[in-house]
Amino acid sequence: MPDQAASTTIGFVGLGSMGSAMVGNLLDHGIDVVVWNRSPEPLERLVERGARAASSLGEVFQAGVVLSMLSNESVVFDLFSDDVLAAAPEGAIHVDMATIGAGAAQRLIERHRAAGVGYVAAPVLGRPPVAAAGQVTVLAAGEPGAMAAVRPLLEIVGRRVWDFGDDPSSANLVKIGVNFLIIHALQAMSESVALLERRGVDTSTFVEVLGDSLFPGPVYSGYGAMIAEQRYEPALFTTELGFKDLMLAVDAARAAEVVLPSESVLRGVFEDALSNGQEQLDWASIAEVTRRRSR
């Protein structure tokens, strides 16, 4: 742990599964964390572990540095309003770890700049157990002074911090690109597993082969096992959120005038999954669309 972070007090907003895991890790490293959440249950659990509850977002900002892990850009805009930012103390910095669109990121940059609040985008790669261990990959971008100030904290949050420059929206675009790749991997595995199932091949062993040879890592091994076993609960990342991230990629491509030939296929798969009640299942459950269509 970086020495300069040992006695730090920070604020943290958004205590879903990822946010709660990150706060737990920060507490384990001796960080004094002031927390705020819209619902009380996760806040109470973290207070029992040593976090301090804030009564408002304004109180959270008194810590100077605020990390947030929120579900989508509309929530970020709602919570980090012009009024909240205007009341932040001089030198305050907001580290936004949400997966949001590049356009939304630009509007947030302008909103923070107008209020004199530093803004760093730092979306992460990894699931809650990885976050709890401080082993996520951090994709960060922002003004150099703000980046230098928060980097010691980000190095506690993750195993590696990747710096994508001065423009916070660059980090958001990288996260969108990564999630778009994962969606393709999920669909590719869905189709391969459906093919092998039809011929009576052991698909669990097939997934082991992938993880042991061409595609080591959590995407093919972890999600592949879920697809082969049709095991989608508890969800590590829901189909509803996966569709949101797919549309972020589509929107980013349109803004950049990039053609995505797979867009219509992937969008149709997700819409099928959502219409069949899979919104709260893990996004690996899109495999069931291919299974249904193959019957």
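Numbers here are sequence positions counted from 1.
E44 contributes atom CD, which lies 10.5 Å from atom CG of N37 (distance to the nearest 0.5 angstrom). Distance CE/M189 to CD1/I227: 4.5 Å, rounded to 0.5 Å. Note that CD of Q135 is 8.5 Å distant from CG of N25, once rounded to the nearest 0.5 Å. Note: S221 OG to M226 CE = 13.0 Å, rounded to the nearest 0.5 Å. Going from atom NZ of K175 over to atom CG of L139 covers 7.5 Å, rounded to the nearest 0.5 Å. The CD1 atom of I286 sits 9.0 Å away from the CG atom of L246 when rounded to the nearest 0.5 Å.
Closest of all the heavy-atom pairs between S262 and H184 is OG-NE2, 2.7 Å. Residues V124 and V138 come closest through the heavy atom pair CG1-CG2, 4.1 Å. A pairwise comparison of heavy atoms in S20 and L15 identifies OG-O, 2.8 Å as the closest pair. Across I31 and L27, no two heavy atoms sit closer than the pair O-CD2, 3.6 Å. Considering all non-hydrogen atoms of both residues, R49 and D28 come closest at NH2-OD1, 3.4 Å. Summarising the geometry of T239 relative to W283, their closest heavy-atom pair is OG1-CA, 3.5 Å, with the distance given to 0.1 Å.
Residues passing the salt bridge (charged side-chain N to carboxylate O under 4.0 Å, His left out) test with R160: none are found, sequence neighbours excluded. Scored by the salt bridge (charged side-chain N to carboxylate O under 4.0 Å, His left out) test, D82 finds R111 as partners (sequence neighbours excluded). Partners of T203 according to the side-chain contact (heavy atoms from CB on, under 4.5 Å) rule, which considers only residues two or more places apart in sequence or in another chain, are V193, L196, E197, A228. Taking L79 as the reference, V13, W36, R38, L57, L70, V75 meet the side-chain contact (heavy atoms from CB on, under 4.5 Å) condition, with sequence neighbours excluded. A search for salt bridge (charged side-chain N to carboxylate O under 4.0 Å, His left out) contacts involving R159 returns nothing, not counting sequence neighbours.
Side chain to side chain, S285 and Q278 meet the donor-acceptor criterion of an N or O pair below 3.5 Å. There is a side-chain donor-acceptor pair under 3.5 Å between N72 and S74. One side chain, Q187 or T290, offers a donor N or O that lies under 3.5 Å from an acceptor on the other.
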Query raised in the report: When you look at E288 and R291, which way does the salt bridge (Lys or Arg N to Asp or Glu O under 4.0 Å) test go after all the steps?
Result: CA-CA 5 Å; E288 297 309 304; R291 281 191 171 103; 2.5 Å; yes

Query raised in the report: Hey, mind stepping through L67 and V157 against side chain to side chain contact (heavy atoms under 4.5 Å, CB included) and telling me if it holds?
Result: CA-CA 11 Å; L67 279 62; V157 168; 4.3 Å; yes

**Report entry** Check against side chain to side chain contact (heavy atoms under 4.5 Å, CB included), E233 and Q280
**Finding:** CA-CA 9 Å; E233 292 181 295; Q280 294 306 311; over 6 Å; no

Report task. Evaluate the criterion side-chain hydrogen bond (donor to acceptor under 3.5 Å, both in side chains) for residue pair D83 and S81; output intermediate values, then yes/no. Result -> CA-CA 5 Å; D83 290 342; S81 64; 5.2 Å; no

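In this structure, D212 contributes its side chain and E208 its backbone to no donor-acceptor pair below 3.5 Å. Side-chain atoms of D282 come within 3.5 Å of backbone N or O of F237 as a donor-acceptor pair. A donor-acceptor distance shorter than 3.5 angstrom exists from the side chain of E73 to the backbone of G101, with no hydrogens or angles considered.
Using a 4.0 Å cut-off between charged side-chain N and carboxylate O, E48 and R45 make no salt bridge. For the pair E155 and R151, the salt-bridge criterion is met [side-chain N within less than 4.0 Å of a carboxylate O].
Under the 4.5 Å side-chain heavy-atom criterion for ILVMFWY residues, no single connected hydrophobic cluster contains both V120 and L108. Placement of L26 and V34 in two distinct hydrophobic clusters is found when ILVMFWY residues are connected by side-chain heavy-atom separations under 4.5 Å, directly or transitively. With hydrophobic clusters built from ILVMFWY side chains whose heavy atoms lie under 4.5 angstrom apart, I93 does not share a cluster with V60. Linking Ile, Leu, Val, Met, Phe, Trp and Tyr whenever their side-chain heavy atoms come within less than 4.5 Å leaves I176 and F164 in two separate clusters. By the rule that hydrophobic residues join a cluster once side-chain heavy atoms approach within less than 4.5 Å of another member, V130 and L241 end up as members of separate clusters.
Annotation: ring pair (Phe, Tyr, Trp, His ring centres under 6.0 Å) contacts involving residues 107-132, sequence neighbours excluded, comprise H94-H112, H94-Y119, H112-Y119.
Side-chain contact check for I182 versus L186: some heavy-atom pair is nearer than 4.5 Å. I100 has its side chain out of reach of L248: every pair of non-hydrogen atoms, C-beta onward, lies at least 4.5 Å apart. Using a 4.5 Å cut-off on side-chain heavy atoms (C-beta onward), L214 and Y220 make no contact. In this structure the side chain of L260 reaches within 4.5 angstrom of the side chain of F180, judged on heavy atoms. Under the 4.5 Å side-chain criterion, counting only non-hydrogen atoms from C-beta, D163 is in contact with M147. Between P128 and M18 there is a side-chain heavy-atom pair separated by less than 4.5 Å. Counting heavy atoms from C-beta on, the side chains of V269 and R293 come closer than 4.5 Å. Taking the side chain as every heavy atom from C-beta outward, I10 and V95 never approach each other to under 4.5 Å.
Ring orientation note: the planes of F80 and F61 are nearly perpendicular, at an angle over 60° on the 30°/60° scale.
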